[in-house]
Amino acid sequence: MGMGIGAAMTGLRPIIEGMNMGFLLLAFNQISNNCGMLHYTSGGQYKTPVVIRGPGGVGRQLGAEHSQRLESYFQSIPGVQLVAVSTTKNAKALLKAVSVRRGANKDGTQGDYLGLAGVKCFIRP
């Protein structure tokens, strides 16, 4: 997690695989204090454009240890946008959209990754 956040601070746009939501809880401090709030605490000097993928919920092979739904923890962090997709098609389109459209549009606005991916459920702006 720290390596991805550091890479984002240097201008890269990493996509970090968290394997599942339970493992992302171990990186909660870095996600909240470094990734989410660094832009605000540095006075806008740093941006951390990171995508953290962490599937959650009940899985057929995961059992009780890896079936937590921890979205409520992450949606309360300033600077973090939480997206829940309902289909594998939406998940693939979202990852493709954030990896292809890296910069601002011609008019200077940021790209609409969610609209491009056709994502219908956006939890927090």
Side-chain angles (χ1 to χ4, degrees):
M1 190 63 61
M3 187 180 296
I5 294 169
M9 290 172 62
T10 65
L12 298 174
R13 294 181 177 263
I15 298 174
I16 301 169
E17 172 63 40
M19 291 185 67
N20 67 53
M21 285 292 233
F23 292 150
L24 289 178
L25 194 55
L26 298 172
F28 186 79
N29 183 45
Q30 286 185 320
I31 294 170
S32 63
N33 292 322
N34 299 131
C35 186
M37 291 189 244
L38 189 63
H39 178 72
Y40 305 108
T41 59
S42 69
Q45 184 178 1
Y46 294 104
K47 294 182 180 181
T48 52
V50 174
V51 173
I52 302 169
R53 182 183 175 274
V58 179
R60 294 182 186 171
Q61 76 281 7
L62 298 177
E65 295 87 12
H66 303 303
S67 298
Q68 300 95 340
R69 297 303 305 219
L70 303 172
E71 290 89 345
S72 60
Y73 284 108
F74 297 106
Q75 75 181 29
S76 62
I77 303 170
V80 172
Q81 294 178 343
L82 184 63
V83 178
V85 295
S86 58
T87 67
T88 55
K89 183 179 177 182
N90 284 109
K92 179 182 177 182
L94 182 61
L95 287 174
K96 188 175 178 180
V98 297
S99 62
V100 172
R101 295 192 53 176
R102 299 213 179 249
N105 293 328
K106 291 181 182 180
D107 61 358
T109 60
Q110 288 297 316
D112 179 14
Y113 302 118
L114 301 174
L116 183 67
V119 173
K120 304 288 188 259
C121 179
F122 182 50
I123 296 176
R124 183 171 182 268

Just so I know, are the side chains of Q75 and V80 near enough to count as touching, which here means a heavy-atom distance under 4.5 Å? no
Hey, could you give me the CD1/CD1 distance between I52 and I15, rounded to the nearest 0.5 Å? 11.5 Å
Where is the tightest heavy-atom contact between [X] and [Y], given as atom of each residue plus distance?
| X | Y | value |
| --- | --- | --- |
| I16 | M1 | CD1-SD, 3.8 Å |
| Y46 | H39 | O-ND1, 3.0 Å |
| L38 | T48 | CD2-CG2, 4.0 Å |
| P49 | R13 | CB-NH1, 3.3 Å |

Is there a path of hydrophobic side-chain contacts, each under 4.5 Å between heavy atoms, that joins M37 and V51? no
Should I77 and L24 be regarded as members of a common hydrophobic cluster, given that ILVMFWY residues are connected when their side-chain heavy atoms come within less than 4.5 Å of each other, either directly or indirectly? yes
Check the orientation of F74 and F28. Use parallel for under 30°, tilted for 30 to 60°, and perpendicular for over 60°. tilted
